[in-house]
Amino acid sequence: MEKVVSILGSTGSIGTQALEVIEMHGMHVHALAANQNIALLETQVRKYHPKKVCVYDTTRYSELKARLTDVDVQVLTGMDGMCEIALDNCADILINSVVGMVGLLPTLTAINAGIDIALANKETLVAGGALVMERAAKKGVHIYPVDSEHSAIFQCLQGNKREQLRKIILTASGGPFYGKIKNELQNVTVKDALAHPNWSMGNKITIDSATLMNKGLEFIEAKWLFDLQPEQIEIVVHRQSVVHSAVEYQDCSVIAQMGVPDMKIPIQYALLYPDRLPCPTRSLSLTEYGTLTFEKPDMKTFECLQIAIESIRIGGIAPCVINGANEVAVAAFLEGKIGFLDIATLSKKAMRAMKPMEITCYEDVIRADRFAREFILNTISK
């Protein structure tokens with residue numbers, strides 16, 4: 001296959017699995033970028049022979065460059081390097097799988113360059129959804145979802161009339177604290193919160209899954225990806241992570257996408273759409289699972305989910321504020337500075353403290369994000 005791919009976040013969970021898919025189908029790697037794991041990044045450069053490589057952490061640039069002196073590759077660093085990769089139209093598609101707000105500017109850069117995007121950076125749409133989708137539409141850029149839930153919805157929409165959609169059903173695993181009540185979560189440790197039952201992910205997204213903030217962010221993401229009203233999105237806890245999501249049409253038919261919990265399936269669909277080729281994973285056996293369960297989420301215990309949904313109903317900069325506040329709060333929890341339940345409390349305080357404002361440009365997003373981060377840091381330090 002002659003498709004050429006660039007990857008932002010190549011050393012992370014999504015990036016490494018994407019490279020498996022790329023290798024299996026004979027696609028070509030044009031550029032790679034990672035935050036600071038230069039040992040793995042060097043290995044990837046030597047194996048996949050990209051033309052460009054970027055380490056986002058500028059303090060690691062000299063070391064990466066020294067490691068690659070014998071390799072014919074352009075070494076970049078920082079946000080400028082990420083954006084240089086994003087606008088390079090030698091690639092047919094850009095996988096954006098970086099974590100956090102850092103992913104927004106490269107997304108907008110790729111859109112302006114007319115490059116299709118396989119999007120695994122949910123913060124891009126949470127913080128700047130209106131801006132991103134409007135620009136993508138104007139440029140004719142396709143944004144293919146990589147999150148398993150949004151990929152499932154995208155797949156279930158194929159071959160049907162979009163205007164006949166009634167609602168979508170986002171499934172959630174429930175995380176490691178499923179069935180717990182708030183009092184039982186007072187003293188949970190970082191180790192407890194990182195013990196996800198079904199998925200292997202990075203620390204930040206795993207904590208988000210434990211608080212259910214991840215599902216709240218996906219709720220916001222789905223609103224923008226599929227042009228929905230909040231009332232058209234239902235969240236269902238599905239412990240087995242076999243039904244990745246579903247859609248309901250006006251005739252009450254519900255179509256679901258199912259598979260083993262393996263991110264290589266949605267990654268491959270985003271890269272090869274609309275083709276379905278062999279995937280480096282295993283087949284789903286329904287008889288092995290036997291029973292699939294579905295329940296309503298406990299929004300009283302997992303307040304982050306409720307807060308995220310409230311933010312998109314408020315609109316404007318509110319989702320951006322929630323996203324920024326949550327990023328800082330999660331980092332503080334991982335560092336042992338705050339408790340698990342404080343993540344929701346602090347995020348809610350940030351949203352209540354903001355002055356409502358619409359988003360009209362990238363700078364509006366950055367200001368809202370900065371406000372949220374400074375608010376959380378100041379609150380924690382008091």
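Owing to the predicted nature of the structure, the values given are computational and were not obtained by experimental measurement.
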Under the salt bridge (charged side-chain N to carboxylate O under 4.0 Å, His left out) test, residues paired with Lys65 that sit two or more places apart: none
Is a donor on one side and an acceptor on the other found under 3.5 Å between the side chain of Arg135 and the backbone of Ala130? no
Which heavy-atom pair separates Ile168 from Ala222 by the least distance, and what is that distance? CD1-CB, 3.7 Å
Partner set under salt bridge (charged side-chain N to carboxylate O under 4.0 Å, His left out) for Lys138, not counting sequence neighbours: Glu134
Taking all atoms of both residues into account, what is the closest heavy-atom pair of Val243 and Ala256, and its distance? CG1-CB, 3.8 Å
Validation row: Pro50, Val45 side chains within 4.5 angstrom (heavy atoms): yes
Any pair with a residue in residues 38-50 that passes salt bridge (Lys or Arg N to Asp or Glu O under 4.0 Å), sequence neighbours left out, goes on the list, sorted by first then second residue, please. Glu23-Lys47, Glu42-Arg46, Glu42-Arg67, Arg46-Asp70
Going from NE2 on His28 to CD1 on Ile22, what distance comes out if it is rounded to the nearest 0.5 angstrom? 11.0 Å
Using only heavy-atom distances, determine whether the side chains of Thr189 and Asp192 contain a donor-acceptor pair under 3.5 Å. yes
Using salt bridge (charged side-chain N to carboxylate O under 4.0 Å, His left out) as the criterion, list what pairs up with Arg60, not counting sequence neighbours. Glu63
Enumerate the residue pairs fulfilling side chain to side chain donor-acceptor pair (under 3.5 Å) with a member in residues 73-83, sequence neighbours excluded, ordered by first and then second residue. Gln74-Glu84
State, without any angle test, whether Thr171 and Glu149 hold a side-chain donor-acceptor pair at a distance under 3.5 Å. no
Output for pair (Cys83 SG, Leu76 CG), nearest 0.5 Å, gives 11.0 Å
Please determine, by modelled atom types, if His244 and Gln155 share a side-chain donor-acceptor pair under 3.5 angstrom. no
Using atom types as modelled and distance alone, determine if a side-chain donor or acceptor of Lys223 lies under 3.5 Å from a backbone N or O of Leu228. yes
Sequence neighbours excluded - side chain to side chain donor-acceptor pair (under 3.5 Å) pairs with any residue from residues 306-318: Glu231-Arg313, Glu310-Arg352
Does the Asp275 side chain pair with the main chain of Leu277, one donor and one acceptor, at a distance under 3.5 Å? no
Where Leu32 and Ile85 come nearest, the two heavy atoms and their spacing: O-CD1, 3.6 Å
Can you pull the salt bridge (Lys or Arg N to Asp or Glu O under 4.0 Å) pairs that have at least one residue in residues 180-191, sequence neighbours excluded? Lys182-Glu303
For the side chain of Asp251 and the backbone of Ser253, is there at least one donor-acceptor N/O pair under 3.5 Å apart? yes
What residues, two or more places apart in sequence or in another chain, satisfy salt bridge (charged side-chain N to carboxylate O under 4.0 Å, His left out) together with Glu123? Lys204
Contact summary for Ile220 and Val126, nearest pair of heavy atoms: CG2-CA, 3.9 Å
Mind checking who shares a hydrophobic cluster with Tyr178, ILVMFWY linked at side-chain heavy-atom distances under 4.5 Å? Val237
Name every donor-acceptor pair, under 3.5 Å, that has one atom in a side chain of residues 95-120 and the other anywhere in the protein, sequence neighbours excluded.
residue, atom, partner, partner atom, Å
Asn96, OD1, Val98, N, 3.4
Asn96, ND2, Gly103, O, 3.0
Asn96, ND2, Thr107, OG1, 2.8
Ser97, OG, Leu8, O, 2.8
Ser97, OG, Gly9, O, 3.2
Thr107, OG1, Gly103, O, 2.9
Thr107, OG1, Thr124, OG1, 3.2
Thr109, OG1, Leu105, O, 2.7
Asn112, ND2, Leu108, O, 3.3
Asp116, OD1, His142, N, 2.9

Between Glu20 and Thr16, is any side-chain donor less than 3.5 angstrom from a side-chain acceptor? no
Straight-line distance of Leu170 CG to His238 NE2, nearest 0.5 Å: 13.0 Å
Give the table of side-chain donor-acceptor pairs shorter than 3.5 Å for residues 329-343, with sequence neighbours excluded, one pair per line with atom names and distance.
residue, atom, partner, partner atom, Å
Glu335, OE1, Lys337, NZ, 3.1
Asp342, OD2, Gly339, N, 2.8

Hydrogens and angles aside, do Gln257 and Tyr269 bring a side-chain donor and acceptor to less than 3.5 Å of each other? no
How long is the straight-line distance from CG of Leu64 back to CG of Asn37, given to the nearest 0.5 Å? 10.5 Å
Does anything in residues 44-101 form a ring pair (Phe, Tyr, Trp, His ring centres under 6.0 Å)? List the pairs, not counting sequence neighbours. none
If I take atom CG from residue Asp262 and atom OG1 from residue Thr281, how far apart are they, to the nearest 0.5 angstrom? 3.0 Å
